[in-house]
Number of protein chains: 2
Amino acid sequence: MAKDPERREAWTREATDYALEQGLIGLSLRPLAAAIGTSDRMLLYHFGTKDDLVAAVLHDSNDRAVAAVSALDPSTDLRAAVHDLWSVVRSAEFEPCTRLYVEAAALGLLGREPYAGVVREANERWLRSFVTHLTRSGVARPLAGRAATIIDAAFMGFQLDAPPDVGTTARKRAVADLSDAVAALGR
Amino acid sequence: MAKDPERREAWTREATDYALEQGLIGLSLRPLAAAIGTSDRMLLYHFGTKDDLVAAVLHDSNDRAVAAVSALDPSTDLRAAVHDLWSVVRSAEFEPCTRLYVEAAALGLLGREPYAGVVREANERWLRSFVTHLTRSGVARPLAGRAATIIDAAFMGFQLDAPPDVGTTARKRAVADLSDAVAALGR
DNA sequence: ATCCAACTGTAGCACCTGCTACAGTCGCCG
DNA sequence: CGGCGACTGTAGCAGGTGCTACAGTTGGAT
């Protein structure tokens with residue numbers, strides 16, 4: 001199935017870039033292929049199936065987002081960690097990654113594959129990166145897991161409810177409230 | 001455009017039922033029409049456009065969810081309110097409504113109409129119903145708004161990340177943690 | 001009875017979807 | 001050289017999409 005690994009990887013990256021700006025839900029092979037300078041015929045030959053392509057794209061997008069969180073310097077405390085994590089999630093570079101994740105999760109809501117499976121895996125890795133950042137920031141182990149769950153869920157909700165509002169004062173207060181609320185879990 | 005109001009309303013309800021179980025993203029007119037005993041031709045005649053039909057369906061679904069929240073007895077305090085609201089959101093009857101909302105929100109993420117507009121309106125009404133329930137439960141006004149924002153966002157995240165897990169102990173602990181965290185906002 | 005407007009069934013349009021059959025072309029190994 | 005396997009362009013298939021043109025068929029007001 002993997003005929004030419006490096007070409008496949010290059011196409012995966014380009015397809016991910018395309019999906020990040022065009023969206024996943026309406027994605028179809030011919031426009032994607034044209035955008036990255038090939039044909040649907042070639043994509044199917046090298047990926048086997050559209051579903052396999054999509055799975056690769058989601059994995060790649062997830063890799064980027066997780067890497068961004070991993071690259072974060074430790075935060076001073078739990079409250080600061082919420083803000084730092086949010087600054088990654090809402091950043092122009094990585095916001096499309098979480099947007100793509102949301103689209104995939106919506107597609108997987110009814111259990112449709114490959115979305116449901118890939119999304120579950122992506123969420124696990126994403127959550128783990130949150131936990132890792134929290135522990136690196138001095139948050140005790142059991143608390144870190146519980147806080148990460150709340151933080152992740154709230155971030156997804158923020159993303160879902162008002163995507164164009166990123167950066168408004170209302171959103172900033174919501175994040176500040178979230179950090180206050182989560183910090184209270186430690187007591 | 002609204003030729004026969006009552007038939008249109010009846011079809012809207014039936015279409016909503018259909019969308020609630022079949023999903024919104026892949027929705028197409030012919031299967032829907034067949035399921036409710038008519039034809040795509042008729043749907044288009046009475047609704048004008050698929051987008052108008054979808055908007056009506058989303059509005060109806062939102063009505064049902066908001067009505068369910070409004071029908072709630074006041075909770076004893078903020079923490080209890082989180083649990084009571086969650087019991088509505090996750091209930092077998094209304095969980096599909098929030099699922100549908102999530103699908104619409106995902107479709108609207110890139111600003112595509114009618115989804116983006118309808119979703120914004122639905123979110124406002126939904127949030128307002130949360131605030132109303134919180135104030136009826138004795139939560140002071142400014143706090144109620146801020147808490148509702150966090151609660152709504154977290155609920156959406158829960159829905160998004162692991163739909164089949166509804167009812168598991170992990171999810172219950174997450175909701176309990178959320179109620180603890182939000183309750184701390186009052187101090 | 002007439003006429004008009006509201007309604008509806010049939011058939012089809014133009015377009016798009018993932019995917020594939022066929023016919024090559026290319027480079028490497030013998 | 002022959003041949004073989006990996007690769008790729010062309011064309012097309014079968015099915016689906018929202019939507020519409022056309023030809024009725026009602027039912028009620030005149």
Side-chain angles (χ1 to χ4, degrees), chain A residues 1-12 14-16 18-19 22-58 100 103-104 106-108 110-118, chain B residues 1-16 18-19 21-58 100 103-104 106-108 110-118:
Chain A
M1 197 65 67
K3 321 283 181 166
D4 183 342
E6 60 184 87
R7 166 172 319 201
R8 187 187 149 117
E9 277 169 33
W11 277 357
T12 299
E14 294 180 79
T16 302
Y18 180 85
Q22 300 291 329
L24 176 67
I25 288 178
L27 188 71
S28 72
L29 293 179
R30 269 176 266 247
L32 163 62
I36 70 179
T38 179
S39 68
D40 58 331
R41 171 70 181 73
M42 287 296 95
L43 291 177
L44 286 168
Y45 179 76
H46 285 274
F47 286 91
T49 281
K50 184 196 176 185
D51 283 352
D52 292 341
L53 207 205
V54 168
V57 163
L58 288 174
L100 205 67
E103 289 191 73
L107 283 163
L110 291 149
R112 222 181 326 173
E113 295 300 342
Y115 305 104
V118 173
Chain B
M1 200 62 71
K3 319 282 179 163
D4 182 344
E6 60 183 88
R7 165 170 320 204
R8 187 186 148 118
E9 278 170 34
W11 278 355
T12 298
R13 280 191 296 272
E14 295 180 80
T16 303
Y18 181 85
E21 65 179 11
Q22 300 292 330
L24 177 68
I25 289 179
L27 188 70
S28 73
L29 293 180
R30 271 176 263 246
L32 163 63
I36 69 180
T38 180
S39 68
D40 58 330
R41 172 71 182 70
M42 288 296 96
L43 291 177
L44 287 168
Y45 179 73
H46 285 274
F47 286 92
T49 281
K50 184 196 177 184
D51 282 352
D52 292 341
L53 208 205
V54 168
V57 162
L58 289 174
L100 204 68
E103 288 190 74
L107 282 163
L110 291 149
R112 222 181 325 171
E113 294 301 341
Y115 305 104
V118 172

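Labels below follow one simple rule: chain letters A, B, ... track the order of the sequence lines, proteins then strands, and each chain is numbered from 1. Side-chain atoms are counted along with the backbone in the values below, which use heavy atoms only and exclude waters and symmetry mates.
Looking only at side-chain heavy atoms (C-beta outward), A:Leu110 and B:Ile25 stay at 4.5 Å or farther from each other. In this structure, A:Val118 and A:Val54 have side chains that are not in contact, with every pair of non-hydrogen atoms separated by 4.5 Å or more.
The distance from atom CE of B:Met42 to atom C1' of C:dT10 is 11 Å, rounded to the nearest whole Å. A straight line from CZ of A:Arg7 to C1' of D:dC7 spans 8 Å, rounded to a whole angstrom. For B:Leu43 and D:dT20, the CG to C1' distance is 15 Å, given to the nearest whole Å. Between the P atom of C:dC16 and the CG atom of A:Leu32 lies a distance of 16 Å, rounded to the nearest Å. Regarding A:Arg112, its CZ atom lies at a distance of 13 Å from the P atom of C:dG18, rounded to whole Å. Separating the CG atom of A:Leu44 from the P atom of D:dT8 is a distance of 13 Å, rounded to the nearest angstrom. One can place CG of A:Leu29 at 12 Å from P of C:dT20, the figure rounded to the nearest angstrom. In this structure, the CG atom of B:Asp40 is 10 Å from the C1' atom of D:dT17, given to the nearest Å.
In this structure, A:Leu27 reaches the sugar-phosphate backbone alone: every heavy-atom distance under 4.0 Å involves primed, P, OP1 or OP2 atoms, never a base.
Contact check, B:Tyr45 against C:dC7: a side-chain N or O comes under 4.0 Å of OP1 or OP2. Between B:Arg8 and C:dC7 there is no side-chain polar atom (N or O) within less than 4.0 angstrom of OP1 or OP2. An OP1 or OP2 oxygen of C:dT17 is reached within less than 4.0 angstrom by a side-chain nitrogen or oxygen of A:Ser28. OP1 or OP2 of D:dT8 lies within a sub-4.0 Å distance of a side-chain N or O belonging to A:His46.
Using the six-membered ring where Trp is involved, B:Trp11 and B:Phe47 have ring planes that are parallel, under 30° apart on the 30 and 60° scheme.
Remark: the B:Arg30 side chain and the D:dG16 base include no donor-acceptor N/O pair separated by less than 3.5 Å.
Note that the OG1 atom of B:Thr16 and the CG atom of B:Leu58 stand 8.0 Å from one another [nearest 0.5 Å].
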